[in-house]
Amino acid sequence: EGGLVLRSLRGALNALERQDVELADEVIAFDDEVDDRYRGIEKGVELVLARHTPVASDLRLVLAILHSNMHLERMGDQCVTIAKITKLTHSLAQEPRMLEGFEEMGARAEEMIRIALDSFAARDLERARSLADLDELIDTANRRVVEQVMALPKEAALQEWGMRMIVVSRSLERIGDNAVDIGEHRGSGAEVAHP
């Protein structure tokens with residue numbers, strides 16, 4: 001599921017950068033695969049709970065998997081939001097520097113997803129802790145987007161584009177937050193404190 005979400009995020013970012021409506025449509029349609037995987041994992045967790053009655057650390061792991069599954073599905077939904085915004089804004093005037101900033105935010109979000117999943121798989125507390133610092137970088141970039149939108153020239157098409165880009169920025173910021181949440185629940189019983 002994590003691999004599907006990474007693919008969806010990369011597709012959404014490429015569609016935004018190129019203003020590629022067909023690619024945006026593919027990202028939107030691809031969300032069905034993310035949702036199918038989500039439901040499959042959820043069903044698998046239900047079966048484990050019903051058939052095996054896990055205890056202590058096993059139960060914590062199963063619950064952490066369920067928790068992470070939910071956050072990955074939400075990330076997929078955020079990718080769909082970015083793709084839908086791309087479709088709404090492809091014909092509007094744009095600010096290229098802001099698009100470059102989204103590429104940087106997106107690369108950081110991809111890194112965070114990988115770290116979250118790797119630290120979850122390895123129960124690596126130290127690696128999971130690094131997510132908070134990366135998240136702060138995305139939060140800062142998100143605040144910068146709002147400032148950039150407020151500074152855009154007051155022409156209607158550019159203002160509309162800018163306001164919609166705030167939604168894109170917020171979606172990338174939420175993907176980072178979801179990665180942090182996965183890192184906080186590695187299934188070992190210990191959690192990473194979120195600042």
Side-chain angles (χ1 to χ4, degrees), residues 1-28 30-31 34 71-120 126-153 157-184 192 194-195:
E1 186 178 6
L4 294 177
V5 169
L6 284 166
R7 183 174 157 194
S8 185
L9 177 56
R10 181 46 38 205
L13 291 168
N14 288 340
L16 178 67
E17 181 184 359
R18 299 180 207 148
Q19 291 300 290
D20 186 334
V21 173
E22 287 181 24
L23 181 54
D25 281 333
E26 288 176 23
V27 170
I28 293 165
F30 186 66
D31 191 54
V34 175
H71 286 290
L72 286 167
E73 193 275 335
R74 287 179 182 170
M75 288 181 201
D77 290 345
Q78 296 298 336
C79 295
V80 168
T81 297
I82 294 168
K84 287 180 177 179
I85 294 293
T86 297
K87 290 182 65 172
L88 288 171
T89 61
H90 79 280
S91 63
L92 298 175
Q94 302 166 12
E95 173 51 59
R97 287 177 299 147
M98 285 180 64
L99 289 175
E100 291 170 14
F102 292 136
E103 179 57 36
E104 183 181 326
M105 285 179 78
R108 183 95 56 219
E110 286 175 310
E111 179 185 10
M112 291 179 72
I113 293 168
R114 284 189 179 92
I115 290 171
L117 294 173
D118 290 347
S119 65
F120 182 91
E126 288 308 311
R127 191 130 195 247
R129 283 188 174 134
S130 72
L131 289 166
D133 292 334
L134 294 171
D135 189 48
E136 184 53 41
L137 295 174
I138 287 187
D139 291 346
T140 300
N142 181 47
R143 290 188 292 271
R144 193 168 39 242
V145 166
V146 174
E147 292 167 4
Q148 290 172 330
V149 168
M150 299 305 288
L152 286 174
L158 196 53
Q159 286 287 307
E160 180 183 347
W161 180 82
M163 295 306 289
R164 294 193 187 274
M165 290 305 105
I166 289 174
V167 176
V168 168
S169 181
R170 178 69 176 141
S171 295
L172 291 169
E173 189 268 337
R174 287 298 303 142
I175 289 171
D177 288 346
N178 280 293
V180 170
D181 287 340
I182 290 171
E184 288 178 342
V192 178
H194 187 60

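As a basis for the values below, the full set of heavy atoms in this structure was taken, side chains included, without hydrogen atoms, waters or symmetry mates.
- Here the closest heavy-atom approach between residue Gly183 and residue Ala116 is recorded as N-CB, 4.3 Å.
- Take Arg127 and apply the side chain to side chain contact (heavy atoms under 4.5 Å, CB included) test, not counting sequence neighbours, and it matches Ile115, Asp118, Ser119, Asp124.
- With sequence neighbours excluded, the residues satisfying salt bridge (Lys or Arg N to Asp or Glu O under 4.0 Å) with Glu126 are Arg129.
- No side-chain heavy atom of Val27 sits under 4.5 Å from any side-chain heavy atom of Lys84.
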Name every donor-acceptor pair, under 3.5 Å, that has one atom in a side chain of residues 11-18 and the other anywhere in the protein, sequence neighbours excluded.
unit_1: Asn14; atom_1: OD1; unit_2: Arg10; atom_2: NH1; d: 3.3
unit_1: Asn14; atom_1: ND2; unit_2: Arg10; atom_2: O; d: 3.4

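- Taking CG of Leu137 as the reference point, atom CG of Asn142 lies at 12.5 Å (rounded to 0.5 Å).
- For the residue pair Ala141 and Ser169, the shortest heavy atom distance occurs at O-OG, 4.5 Å.
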Report the C-alpha distance between Ile175 and Cys79 in whole Å, list the side-chain angles of each, state the deciding distance to 0.1 Å, and finish with yes or no for side chain to side chain contact (heavy atoms under 4.5 Å, CB included).
CA-CA 9 Å; Ile175 289 171; Cys79 295; 4.1 Å; yes
Tabulate below the donor-acceptor pairs under 3.5 Å that side-chain atoms of residues 90-99 make, not counting sequence neighbours, or state none.
unit_1: His90; atom_1: ND1; unit_2: Lys87; atom_2: O; d: 3.0
unit_1: Gln94; atom_1: NE2; unit_2: Gln19; atom_2: OE1; d: 3.2
unit_1: Glu95; atom_1: OE2; unit_2: Arg97; atom_2: N; d: 3.2
unit_1: Glu95; atom_1: OE2; unit_2: Arg97; atom_2: NE; d: 3.1

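- Val149 is listed as a side-chain neighbour of Val145, based on a closest heavy-atom distance under 4.5 Å.
- The existence of a salt bridge linking Arg174 and Asp177 is confirmed by a sub-4.0 Å separation between a basic side-chain nitrogen and an acidic carboxylate oxygen.
- Residues that satisfy the salt bridge (Lys or Arg N to Asp or Glu O under 4.0 Å) test with Glu160, not counting sequence neighbours, are Arg164.
- Remark: Glu110 CD to Leu6 CG distance equals 6.5 Å, nearest 0.5 Å.
- Within the model, atoms CG of Leu117 and NE2 of His71 stand 12.0 Å from one another, a figure rounded to the nearest 0.5 Å.
- You'll find the side chain of Val34 stays beyond 4.5 Å of the side chain of Leu72, heavy atoms only.
- With sequence neighbours excluded, no residue forms a side-chain hydrogen bond (donor to acceptor under 3.5 Å, both in side chains) with Glu111.
- Glu26 is linked by a side chain to side chain contact (heavy atoms under 4.5 Å, CB included) to Leu23, counting only residues two or more places apart in sequence or in another chain.
- Here the closest non-hydrogen pair linking Leu152 and Leu158 is CD1-O, 3.7 Å.
- For the pair Glu184/Val180, a side-chain contact is recorded, criterion being any heavy-atom separation below 4.5 Å from C-beta on.
- With sequence neighbours excluded, no residue forms a side-chain hydrogen bond (donor to acceptor under 3.5 Å, both in side chains) with Glu147.
- With sequence neighbours excluded, the residues forming a side chain to side chain contact (heavy atoms under 4.5 Å, CB included) with Ser171 are Gln78, Thr81, Ile82, Val167, listed by chain and number.
- The line from CD1 of Ile166 to CD1 of Ile85 is 11.0 Å long, rounded to the nearest 0.5 Å.
- Looking at Leu9 and Leu172, their side chains come closer than 4.5 Å, going by heavy atoms from C-beta outward.
- Glu104 pairs by the side chain to side chain contact (heavy atoms under 4.5 Å, CB included) definition with Arg108, not counting sequence neighbours.
- Applying the side-chain hydrogen bond (donor to acceptor under 3.5 Å, both in side chains) criterion to Arg143, with sequence neighbours excluded, gives Glu136, Thr140.
- Interatomic distance, CG of Leu131 versus CE of Met112, reported as 5.0 Å (0.5 Å rounding).
- For Glu73, the salt bridge (Lys or Arg N to Asp or Glu O under 4.0 Å) test picks out no residue, with sequence neighbours left out.
- Separation of atoms OG (Ser130) and CG (Asp135) is listed at 11.0 Å; rounding is to 0.5 Å.
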